Amino acid sequence: QARLVESGGGLVQPGGSLTLSCAASGATLSEYDMAWYRQPLGSKRELLAAINVVGNTNYADSVKGRFAISRDNAKNTVYLQMNQLKPEDTATYFCMGGLNSPFKYWGEGTQVTVSS
């Protein structure tokens, strides 16, 4: 079974940028469609960005044009580049593998706080 570990979260000012990483072990990441979700405190988990095994991407309207998902199969890692951050982006961010599979693999999340 795959293990996914997110990193790169932290405190950033509005308008700033962060890059999140999702490192996989116990599986070959290149075999999976991957996604990033976020969950603000007290709110539901929201799908933000997805990338399939051939590199095609899709984004939620709330982040399109500001966030970019990418994958480096040689490093067994997926990234989320976040630009022009807003206070409403504050949430726990989760990496998920197997977007289009009945079997889903989740990381434990990394906190992003956008505040001045």
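In this text the structure is predicted, and so the values were computed from the model without any measurement.
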One should read off an interatomic distance between Leu48 CG and Met96 CE, to the nearest 0.5 angstrom, of 11.0 Å
In this structure, CG of Asp33 is separated from CG of Asn100 (nearest 0.5 Å) by 4.5 Å
| message | Main chain of Phe103, side chain of Ser101: is a donor-acceptor contact present, judged purely on distance under 3.5 Å? | response | yes
- Message: Counting C-beta onward and ignoring hydrogens, is there a side-chain heavy-atom pair between Arg38 and Ser62 closer than 4.5 Å?
- Response: yes
- Determine whether Val114 and Glu88 make a side-chain contact, defined as any pair of heavy atoms from C-beta on separated by less than 4.5 Å. no
Practice problem: For Asp72 and Thr77, indicate whether the former's side chain and the latter's backbone hold a donor-acceptor pair under 3.5 Å. | Solution: no
Check: Between the side chain of Asn58 and the main-chain N/O of Ala50, is any donor-acceptor distance below 3.5 Å?
Finding: no
Between the CG atom in Leu80 and the OH atom in Tyr59, the distance rounded to the nearest 0.5 Å is 8.0 Å
Decide whether Gln13 and Ser116 meet the rule of one side-chain donor and one side-chain acceptor closer than 3.5 Å.
no
Requested in this report: Using a 4.5 Å cut-off on heavy atoms from C-beta on, say whether the side chain of Val78 contacts that of Ile69.
Outcome: yes
Counting distance only, does the side-chain N/O of Asn52 pair as donor-acceptor with the main-chain N or O of Gly55 below 3.5 Å? yes
For the pair Phe67 and Tyr93, name the ring-plane relationship: parallel under 30°, tilted 30 to 60°, perpendicular over 60°.
tilted
The salt bridge (charged side-chain N to carboxylate O under 4.0 Å, His left out) partners of Arg66 (sequence neighbours excluded) come to Asp89
Please check this pair: side chain of Glu6 against backbone of Gly109, looking for a donor-acceptor N/O pair closer than 3.5 Å. yes
